[in-house]
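See structure below.
One-based numbering, in listed order, for ligands and for the atoms of each.
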Amino acid sequence: MTMLKDPSVKYRPFPQIDLPNRQWPSNTITKAPRWLSTDLRDGNQALIDPMGAEKKTRFFDLLVKVGLKEIEVGFPSAGATEYDFIRGLVDGERIPEDVLVQVLTQSRQDLIETSFKSLAGVHEAIVHVYNAVSPLWRNVVFGMDRAQIRGIAENGAKIIRDQIAMYPQTKWHVEYSPETFSTAELDFSIECCEAVMEILQPTPEHPIILNLPATVEAATPNIYADQIEYFCNNLPNRASAVISLHTHNDRGTGVAAAELGLMAGADRVEGCLFGNGERTGNCCLVTVAMNMYTQGVSPELDFSNIDDVIQTVEYCNQLKVPERHPYGGELVFTAFSGSHQDAIKKGFAAQESRNDELWAVPYLPIDPADLGRDYEAVIRVNSQSGKGGFAWVIEQDQGLKLPKRMQAHFSKHVQQLADELGRELQAGDIWDVFRKAYRLDEPQRFHLIDWDEARSADGTRVFAGKIGVDGKEQSVSGRGKGLISSIVATLDEGFGVKLDVRDYAEHSMGKDSNAKAASYVECVTPDGRVIWGVGIDEDVATASVRALLSAANAAA
Ligand SMILES: CC(=O)SCCNC(=O)CCNC(=O)[C@H](O)C(C)(C)COP(=O)(O)OP(=O)(O)OC[C@H]1O[C@@H](n2cnc3c(N)ncnc32)[C@H](O)[C@@H]1OP(=O)(O)O
Ligand SMILES: CC(C)C(=O)C(=O)O
């Protein structure tokens with residue numbers, strides 16, 4: 001047992017931010033921010049096997065396809081793989097006109113120079129320089145005081161200014177990250193940013209990007225929002241800076257922090273698809289974007305074919321997108337449990353009958369179709385499921401709309417199978433048990449060979465059928481007020497099978513003229529047994545005959 005009884009001996013609470021008049025809690029996100037994907041940099045540097053050129057190229061093409069306009073393509077001074085990939089993008093003219101590529105560098109002369117070289121000839125790009133500013137890093141990593149740390153930032157800014165002058169054919173943008181911003185003194189982060197701005201002289205027309213990372217997430221997301229609002233309020237020349245967020249997910253609230261940071265006044269969000277990145281990952285861009293979408297705000301990113309996106313991301317990262325990951329996970333639109341299935345099924349029916357576009361289905365905060373998912377996987381059946389669940393599956397799979405009371409009747413068969421198998425039931429399992437339960441497969445005691453119907457002078461109907469009985473053909477007939485009662489009379493008079501019909505339903509199994517019909521009949525036997533019969537046929541009347549024979553087979 002290594003957990004301390006009193007963790008306050010080892011850990012300290014994160015201090016509150018002094019921001020008495022905070023505005024962000026009353027704000028909402030009303031438009032898409034500028035997005036930057038750092039999949040090819042922060043995501044890549046955290047992989048067991050970093051991507052090679054082939055994977056990076058595929059990922060880059062995907063990011064362009066979903067609509068990313070700013071893409072951090074790597075850390076050029078890390079080595080030849082990174083450098084050559086970036087040069088390949090430039091030389092191969094693979095960067096669309098409206099896409100800005102970004103590269104990251106430490107604030108060191110040789111690394112900055114390599115970074116510019118990697119991009120030489122590009123039409124427009126962002127050079128991103130960082131140095132850590134918080135006390136722990138100052139003391140432990142750098143062994144420097146505040147002035148020296150600010151000096152690293154200033155030195156980098158000067159080198160960048162000089163490099164920009166050497167590559168005039170490119171429109172350059174600069175991003176500065178006071179790394180570890182969220183655990184640093186706010187005034188010191190502002191001091192470093194201000195010093196960098198002093199050197200680079202940004203303007204509102206050509207602003208600097210100030211990226212404020214929660215390099216390690218160390219507090220609740222409201223604290224990060226306070227830090228962002230404080231920074232925005234106190235940065236001199238705020239109009240000449242684009243405020244960018246770069247959150248990590250150490251406490252599991254990287255997305256929340258980014259969202260609250262936007263409410264607090266930021267303009268831009270950095271992150272990775274499905275939250276890849278160092279340790280627990282970066283803020284997930286898919287989640288922030290789709291959260292926005294479900295509030296009726298276009299994220300200006302296209303995840304309408306999420307499965308294609310996942311396939312490429314999983315291939316490139318060699319990491320699986322977890323089954324419960326928001327919006328993308330395999331199970332996030334699936335209900336196994338009975339009460340959820342019931343509500344979803346009713347929700348779809350209500351949605352269809354309302355016939356408007358507003359989405360309102362219980363337990364589904366978003367229409368799976370908006371992510372390119374179909375409705376088949378919305379309901380899956382196991383031992384936790386209810387009748388709404390298998391009724392949905394059998395309707396989707398076979399086109400059968402079981403009457404409500406029949407669902408209850410069939411339920412015990414499904415439940416028994418689910419308990420026996422101890423696993424999820426596939427559509428095929430449910431269809432097998434249905435055919436068995438309602439005797440749809442031959443041989444059965446009674447089966448239909450042919451039938452005809454006539455009307456007598458008194459208006460009654462006469463059913464005349466050729467029925468196979470235990471393998472032998474028999475001609476039988478019966479009279480009634482309608483088709484059903486004439487078949488019931490036939491079964492009674494011909495075979496002594498007595499059925500009291502309680503309920504009857506039929507429907508077409510599709511919309512076109514070739515669609516089959518299904519009939520369901522609920523009967524009670526003289527000894528009080530409730531029996532359901534099912535008939536399926538091209539002809540609706542024949543489906544009724546089959547349904548009654550199915551019931552007779554159970555009664556016999
Ligand atoms: C929060 C982030 O994710 S930041 C991005 C991190 N990503 C990466 O590091 C991936 C790519 N990095 C690399 O391939 C390598 O680190 C390289 C090639 C860039 C540099 O490698 P090395 O020269 O061996 O240096 P290393 O990364 O170990 O850095 C250590 C030195 O750089 C200094 N340093 C670290 N960060 C910075 C910085 N941002 N600016 C200036 N100096 C820095 C350290 O203080 C240390 O100095 P010291 O040797 O005097 O103690
Ligand atoms: C370089 C910076 C932005 C970073 O990756 C971080 O702080 O997490």
Side-chain angles (χ1 to χ4, degrees), residues 36-51 56 70 72-86 102-115 117-118 126-134 136-145 148-160 174-184 189 192-193 195-196 208-218 224 227-228 242-251 254 257-258 261 266 268-272 275-283:
L36 171 115
S37 152
T38 184
D39 287 276
L40 299 175
R41 197 280 296 171
D42 208 326
N44 185 54
Q45 78 187 33
L47 295 177
I48 301 163
D49 296 315
M51 290 175 246
K56 275 204 151 192
E70 298 180 41
E72 193 160 57
V73 287
F75 199 127
S77 56
T81 310
E82 293 283 278
Y83 184 92
D84 293 346
F85 165 70
I86 296 163
Q102 171 169 313
V103 295
L104 182 65
T105 174
Q106 292 179 0
S107 183
R108 289 160 57 183
Q109 173 124 20
D110 52 338
L111 307 191
I112 295 173
E113 286 173 0
T114 304
S115 304
K117 238 168 104 185
S118 76
I126 306 170
V127 173
H128 176 190
V129 63
Y130 72 97
N131 67 302
V133 295
S134 71
L136 185 64
W137 272 253
R138 292 200 303 263
N139 298 334
V140 173
V141 182
F142 293 90
M144 288 182 179
D145 63 18
Q148 290 169 307
I149 291 288
R150 193 187 63 234
I152 295 179
E154 288 169 328
N155 184 44
K158 286 179 190 153
I159 300 164
I160 286 174
V174 180
E175 172 168 330
Y176 170 63
S177 288
E179 190 202 344
T180 64
F181 163 84
S182 64
T183 47
S189 296
C192 291
C193 290
V196 168
I208 187 170
I209 300 167
L210 296 177
N211 184 50
L212 308 177
T215 305
V216 178
E217 184 174 58
Y224 185 64
Q227 291 167 326
I228 300 298
V242 169
I243 302 302
S244 177
L245 308 173
H246 180 111
T247 59
H248 279 271
N249 197 36
D250 299 82
R251 297 167 51 92
R268 184 176 185 265
V269 173
E270 296 197 349
C272 293
N276 187 33
E278 289 281 3
R279 306 178 306 284
T280 52
N282 282 94
C283 155

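Between the Q148 side chain and the D145 main chain, a donor and an acceptor come within less than 3.5 Å of each other. Side-chain N or O atoms of N131 include one that pairs as donor or acceptor with a backbone N or O of I149 at under 3.5 Å. Within the 3.5 Å criterion, the main-chain N or O of N249 finds a donor-acceptor partner in the side chain of T280. Side chain of T38 to backbone of C272: no donor-acceptor contact under 3.5 angstrom is found. Side chain of S134 to main chain of A184: no donor-acceptor pair is present (N/O by atom type, distance under 3.5 Å, no hydrogens or angles).
Closer than 4.0 angstrom to ligand 1 lie heavy atoms from R41, Q45, F75, S77, A78, L104, Q106, S107, R108, L111, Y130, N131, F142, I152, E179, T215.
At a threshold of 4.0 Å, the pair R41-E82 does not count as salt-bridged, since none of the basic side-chain nitrogens sits closer than that to a carboxylate oxygen.
Residues forming a salt bridge (charged side-chain N to carboxylate O under 4.0 Å, His left out) with R251 (at least two apart in sequence, or on another chain): none. In this structure S177 satisfies the side-chain contact (heavy atoms from CB on, under 4.5 Å) test together with H128, Y130, E175, N211, P213, sequence neighbours excluded.
S182 OG to H246 NE2: the interatomic distance, rounded to the nearest 0.5 Å, is 10.5 Å.
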Could you pull out the N/O contacts under 3.5 angstrom between ligand 2 and the surrounding protein atoms?
from: ligand 2; atom 1: 5 (O); to: R41; atom 2: NH1; distance (Å): 3.4
from: ligand 2; atom 1: 5 (O); to: R41; atom 2: NH2; distance (Å): 2.9
from: ligand 2; atom 1: 5 (O); to: D42; atom 2: OD2; distance (Å): 3.1
from: ligand 2; atom 1: 5 (O); to: H246; atom 2: NE2; distance (Å): 3.2
from: ligand 2; atom 1: 7 (O); to: T215; atom 2: OG1; distance (Å): 2.6
from: ligand 2; atom 1: 8 (O); to: H246; atom 2: NE2; distance (Å): 3.2
from: ligand 2; atom 1: 8 (O); to: H248; atom 2: NE2; distance (Å): 3.0

